[in-house]
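What you see below is based on every heavy atom in this structure, not just the backbone, and it leaves out hydrogens, waters and symmetry mates. Within every chain, numbering begins at 1; the chains are lettered A, B, ... in the order of the sequence lines, protein sequences first and strands thereafter. As the structure is a prediction and not an experimental result, all values here were calculated from the model.
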Protein chains: 2
Amino acid sequence: MTAPLNLSNPIGDRSSVSQKTFAVMECVGSSGRPLTTSEIAVLLDMPTPTVHRIVHQLDMDGLLVQEAGSRGYVPGPRLFNFALNVFQTAVRHGSKHAILERLSAATGETSNFGIISGGALLYADRVEASWPFGLRYEVGSRVPLHCTSMGKMLLAHQPKRRREHLLSLSDLHAYTATTMTDLTVLEEQFAQIRTQGYSLDNQEFLAGVICAAVPVRDARGKVCAAVAVSAPQARMPMSLAIQHIPRLLEAAEEIASAWAMDEAEAGEDGHARI
Amino acid sequence: MTAPLNLSNPIGDRSSVSQKTFAVMECVGSSGRPLTTSEIAVLLDMPTPTVHRIVHQLDMDGLLVQEAGSRGYVPGPRLFNFALNVFQTAVRHGSKHAILERLSAATGETSNFGIISGGALLYADRVEASWPFGLRYEVGSRVPLHCTSMGKMLLAHQPKRRREHLLSLSDLHAYTATTMTDLTVLEEQFAQIRTQGYSLDNQEFLAGVICAAVPVRDARGKVCAAVAVSAPQARMPMSLAIQHIPRLLEAAEEIASAWAMDEAEAGEDGHARI
DNA sequence: CTTCATATTATCAAAATCCGGAATGAAAAT
DNA sequence: ATTTTCATTCCGGATTTTGATAATATGAAG
């Protein structure tokens, strides 16, 4: 029946206890049935004693509990409450998401929201156009900075020192024929991006995929995130992407003001823990 | 070592990295606003460099992300995804699902269980009683708050400020002819819902679909979820829906006590009784 | 009731990680 | 311009982690 568990979890040998521990929780939390120590060990490709130690500690902490009678573990009440809390306090996420939905409805294409995280561009949110085509870079994934519209936009607005540092972390890999790998050329483009107020990705990361991004500014006017629209070139040639930019700017403005509102409201309803 | 006086110190000096790491996630996950490194350090009474190390690793792992611009951290996409998995599988495979099944058997209609998430109503579980009709909102989908019975029920029991905020996120779109889009009218209905203890949806979201919902309360009496029954009007006119309400209340009560039992178990040591 | 196969828990010394005070750097706040 | 606060890096010593191996428990089959 329900035993999908395609949860391919490549736990590198280079991961810390905390990472392994979370991997175990993810594994148990998404399996939908009780998992035993050795099952987890197989799924995550970890030595049995290691899994045992982790599972035992999670049991002590009330995060996993042993299903009555069975040897398998399921998420415990504390983990359940944690999950509930994470959800119910996700209001900020909600406002952003609603705006992206409207943007997707207006453009008919996929809308994206990204920030810099871990030296790469993090897709913090996305709304798929109902079109069943296109590449599927899911929310939470990271892509390079130097060859994506949002990445270039955010780089362009970093202090020069920081921008250089971020670029030095990457190897400026040429993903496609149009990927820019020359620092001088990139630096020129950053200047242009700052001037024109938007940035484009002409299949620089994924062949056949076009992307256009605009900046999102915080209360002080600092660029801190980006909104973008992406689509296959066959459907959205560059000229059409540019036509979407006014809409993108509107959405970015809406997000910024939604934040300002949050800011003003900050302070009241903290959530009590259970 | 240092004076072992602090009673409110939730993190013992004798806890492992994993425990500290989870404590940080719990802290950020339940605060409802971005927390900075030093705030977390104060809240958990941990040294700043230690918190920094943990937070930084969580950032690298995509579990926490820095709220755009600010220094504060909020749950990242991966953590949301994890929370969704834990919550849904716990609900669907636990005792709560069986309660919904009994409810469906008793009413002969589709039973639903939902919570607020990200400014919308999240269908956490559902049991179909008979032939699906027309559009079908699957488990895990999100629907608007202002025009669904569960959404209105949960809104009615939010603190006024939060309710206003949640409503401001949506554009109160009129999905059907009976959708209420006037804030004053809605506010009146919320008062009525609190008084009568149930809420109704007279085809306000989907034409031809009737719905009735009651609240689920946690151990403290706070409304945290909703249970509803839904059906085509042709089969379940409003008068019939209202007749189902005693059954709904029973089911809600059962779910609440199942929930409370979990809580009680959490309080004891990690080992489940045999 | 025994036997056997499998799963779980204990052990331990080497190796890797973690720790947190102190110092430094960056950025708001005044 | 300055002060204050917060974030980040350093680093050697202490603690924890690690996982092969072994002992034990479990439960199925004979």
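Atom CZ in A:Arg162 sits about 17 Å away from atom P in C:dG25, given to the nearest Å. Between the P atom of D:dT5 and the CD atom of B:Glu39 lies a distance of 15 Å, rounded to the nearest Å. The nearest whole Å value for the distance from the NE2 atom in B:His56 to the P atom in C:dC18 is 14 Å. What separates CD of B:Gln19 from P of D:dT16 is a distance of 11 Å, to the nearest Å. Per the geometry, CD belonging to A:Gln57 stands 15 Å off P belonging to C:dT9, to the nearest Å. Rounded to an integer number of Å, the gap from CG of A:Leu35 to C1' of C:dA7 is 15 Å.
Geometric assessment of B:Lys96 against the ring of B:Phe87 yields a negative cation-pi assignment under the 6.0 Å and 45° thresholds.
Residue-level contact check: A:Pro47 touches the backbone only, with heavy atoms under 4.0 Å from sugar-phosphate atoms and none from bases.
When the side-chain nitrogen and oxygen atoms of A:Lys20 are compared with OP1 and OP2 of D:dT18, one or more of them lie within a distance under 4.0 Å. Listed pair A:Thr48 / C:dT9 fails the phosphate criterion, with no side-chain N or O lying under 4.0 Å from OP1 or OP2. For the pair B:Thr36 and D:dA7, the criterion of a side-chain N or O lying under 4.0 Å from OP1 or OP2 is met. The side chain of A:Arg53 contributes an N or O atom lying less than 4.0 Å from OP1 or OP2 of D:dT18. Contact annotation: A:Thr50 side-chain N/O to D:dT18 OP1/OP2 distance is not under 4.0 Å.
Closest to the A:Val17 side chain, of the nucleotides C:dG20, C:dA7, D:dT17, is D:dT17. With distances taken from any side-chain atom of A:Ser38 to the nucleotides D:dG19, C:dA7, C:dG20, the minimum falls on C:dA7.
The base of D:dG27 does not come close enough to the side chain of A:Arg71 for any donor and acceptor atom to sit less than 3.5 Å apart.
With DNA chain C read from its 5' end, the first of the two nearest nucleotides for A:Thr37 and B:Ile54 is the one closest to A:Thr37. Each of A:Arg161 and A:His52 was matched to the nucleotide of DNA chain C holding its nearest heavy atom; the match closer to the 5' end belongs to A:His52.
Counting only N and O atoms by type, the side chains of A:Ser117 and A:Arg142 include a donor and acceptor under 3.5 Å apart. If you check the side chains of A:Ser16 and B:Gln57, you find a donor sitting under 3.5 Å from an acceptor. Under 3.5 Å, the side chains of B:Asp61 and A:Gln19 contain a donor-acceptor pair of N or O atoms. Residues A:Thr179 and A:Thr176 have side chains that bring a donor and an acceptor to within less than 3.5 angstrom of each other.
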